[in-house]
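Below, chain A is the first sequence line, B the second, and so on; all start at residue 1. Just the heavy atoms: all of them, side chains too, but no hydrogens, waters or symmetry mates, feed the values below.
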Amino acid sequence: MTPTITARKTHEEDRGATAAALLSWYDRHHRRLPWRLPPREVRNGASPDPYRVWLSEIMLQQTTVSAVKPYFERIMARWPTVEALANADADDVMKAWAGLGYYSRARNLKKCAETVMDRHGGAFPDTEEELKRLPGIGDYTAAAIAAISFGRPAAVVDGNVERVIARLHAIETPLPAAKAEIRHIVQRLVPEDRPGDFAQAMMDLGATICTPRSPSCILCPVRDSCAARALSAPERFPVKAPKAEKPSRQGAAFVAVRPDGAVMLRRRPEKGLLGGMSEVPTSSWTARRDGASGTDAAPFPAEWKSRGTITHVFTHFALTLSVYRADVEHRPAPAGHWWSKPADLDGEALPTVMRKVIEAAIPGATKARRTSKK
DNA sequence: AACACGTGGGC
DNA sequence: TGCCCAAGTGT
């Protein structure tokens with residue numbers, strides 16, 4: 001037996017052992033989640049409904065499981081099928097998504113459902129390539145749906161998988177440059193028989209054991225083949241590129257209140273930050289030092305009273321808004337605006353930053369949409 | 001390739 | 001408190 005053959009065989013056995021250890025761990029320790037089918041059922045030939053898988057994967061993009069759960073339940077209950085969602089009112093979808101963040105996901109969700117109905121006869125395509133052509137579905141989501149719902153041996157790489165692989169191989173290349181290398185490693189690891197369970201096993205491992213800080217290596221099913229553990233430095237991986245500085249912006253927000261408590265709202269443009277969501281009138285949000293606060297930008301002349309400031313941190317900048325309130329008589333809303341009565345306010349497509357503004361102006365006006373942490 | 005795009009929780 | 005992070009995608 002030549003050294004070459006010996007090395008190759010050992011290598012393949014290692015790979016198989018890694019996947020097997022992970023799947024065995026997953027059988028015992030998998031998380032039970034509303035959108036998931038238990039591994040045993042999957043092996044008995046059941047496959048999770050692609051609609052549920054797709055909806056959950058879109059919601060889970062950059063979003064925690066605990067935040068997603070209640071939204072997933074509500075949206076599934078209201079629109080149980082792609083067809084129902086395709087026929088939904090787009091604004092109702094935005095309202096249902098309000099508070100979850102990354103609102104382009106909600107816009108694309110609706111478009112994607114329509115495309116599945118119009119161009120795929122109401123059935124999600126079953127290949128990565130076709131899935132990726134749908135709005136809102138990128139590399140990760142296409143691979144996840146293909147693997148989980150259709151049993152395809154796709155390389156599912158999310159933040160969890162990146163961390164697990166970077167540690168397993170002690171990859172020194174910083175993210176995101178290391179992505180291609182990680183994807184290749186995962187592709188070689190995927191077992192033909194249980195690709196969906198394998199993907200979810202990797203993600204569960206990353207979420208519960210191989211965590212960003214203080215990983216529980218002692219409980220890890222693949223600790224013996226982990227290079228980062230051998231280095232006694234699991235937390236050093238993945239190496240990440242330094243992040244850009246976060247600038248500040250400021251502006252003014254105007255809460256007009258009628259005698260019946262109704263608040264004047266308007267719709268933001270479809271594209272860009274908080275696209276398609278609702279808001280109270282505001283000035284433009286500009287870099288600090290140019291005096292964007294003050295009532296110059298008020299929607300109409302009135303006795304605008306200061307209600308202090310709120311701050312809200314977005315992904316790429318921190319916003320400070322000076323909040324003003326004016327109590328006004330009944331009057332028609334300006335073009336493009338409407339009055340929202342207290343009973344309707346909670347149902348509006350208001351992003352969290354706007355709920356903060358309204359709360360500052362009218363304490364108790366908005367019911368917290370907090371998802372109970374669990 | 002780099003940046004825009006939300007929010008809330010953990011430490 | 002402030003920073004990091006969470007099942008990424010579109011441009």
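- In this structure, CZ of A/Arg107 is placed 7 Å from P of B/dG6, rounded to the nearest angstrom.
- Rounded to whole angstrom, the span from the NE2 atom of A/His316 across to the P atom of C/dC5 amounts to 19 Å.
- Among the protein residues, A/Val156 comes within range of no part of the nucleic acid, since none of its heavy atoms lies under 4.0 Å from any strand.
- At the phosphate of C/dA6, neither OP1 nor OP2 sits under 4.0 Å from any side-chain N or O atom of A/Tyr102.
- At whole-Å resolution of the value, CZ in A/Arg105 and C1' in B/dC5 are 10 Å apart.
- To the nearest angstrom, C1' of B/dG6 lies 13 Å from CD of A/Gln61.
- Distances from the side chain of A/Tyr140 to the nucleotides B/dG6, B/dA4, C/dG8 place C/dG8 closest.
- Picking from C/dT9, B/dG6, B/dA4 the nucleotide with the shortest atom distance to the side chain of A/Asp139 gives C/dT9.
- Rounded to whole Å, the P atom of B/dC5 lies 22 Å from the corresponding atom of C/dA6.
- For A/Lys243, the listed nucleotide lying nearest its side chain is C/dC4; candidates were C/dA6, B/dC5, C/dC4.
- Taking the six-membered ring for Trp and the full ring otherwise, the centers of A/His316 and A/Phe314 sit at least 6.0 Å from each other.
- In terms of phosphate contacts, A/His312 brings no side-chain nitrogen or oxygen within less than 4.0 Å of OP1 or OP2 of B/dG6.
- You'll find the ring centres of A/Trp97 and A/Tyr71 outside the 6.0 Å limit.
- Among the atoms of the strands shown, only primed sugar atoms or phosphate atoms (P, OP1, OP2) are found under 4.0 Å from some heavy atom of A/Thr141.
- Of the candidates C/dC4, C/dG8, B/dT7, the closest approach to any side-chain atom of A/Asp158 belongs to C/dG8.
- A donor-acceptor pair under 3.5 Å is formed between the side chain of A/Lys110 and the backbone N or O of A/Ala88.
- Between A/Asp204 atom CG and C/dA6 atom P the separation is 14 Å, expressed in whole Å.
- A/Gln250 has its side chain out of reach of A/Trp285: every pair of non-hydrogen atoms, C-beta onward, lies at least 4.5 Å apart.
- Along DNA chain B, the nucleotide nearest to A/Arg213 and the one nearest to A/Leu273 differ in position, and the one closer to the 5' end is contacted by A/Leu273.
- Two residues, A/Val65 and A/Ile137, neighbour DNA chain C, and the one matched to the more 5' nucleotide by heavy-atom proximity is A/Val65.
- With rounding to whole Å, A/Leu60 atom CG is found 14 Å from B/dT7 atom C1'.
- Across all strands, A/Pro135 comes closer than 4.0 Å only to sugar-phosphate atoms, never to a base (heavy-atom distances).
- If you run side chain to side chain contact (heavy atoms under 4.5 Å, CB included) between A/Pro234 and each of A/Cys226, A/Cys210, A/Pro215, A/Ser216, only A/Pro215 comes through.
- The side chain of A/Thr352 sits closest to B/dG8 out of B/dG8, C/dC5, B/dC5.
- Relative to the side chain of A/Gln62, the nucleotides B/dC5, B/dT7, C/dG8 differ in distance, and C/dG8 lies closest.
- Nucleic acid contact for A/Leu33: base, since at least one base atom lies under 4.0 Å from a heavy atom of the residue.
- In this structure, the side chain of A/Arg258 does not engage the main chain of A/His330 through any donor-acceptor pair within 3.5 Å.
- Distance, A/Arg355 CZ to B/dG8 P: 10 Å, rounded to whole Å.
- The interatomic distance linking A/Leu175 (CG) with C/dC4 (P) rounds to 15 Å, in whole Å.
- Within the nucleic acid shown, A/Gly272 comes within 4.0 Å of sugar-phosphate atoms alone, with no base atom in reach, counting heavy atoms only.
- Rounded to whole Å, the separation between the P atoms of B/dG8 and C/dT9 comes to 22 Å.
- Nearest nucleotide to the side chain of A/Thr315, out of B/dT7, C/dA6, B/dG6: B/dG6.
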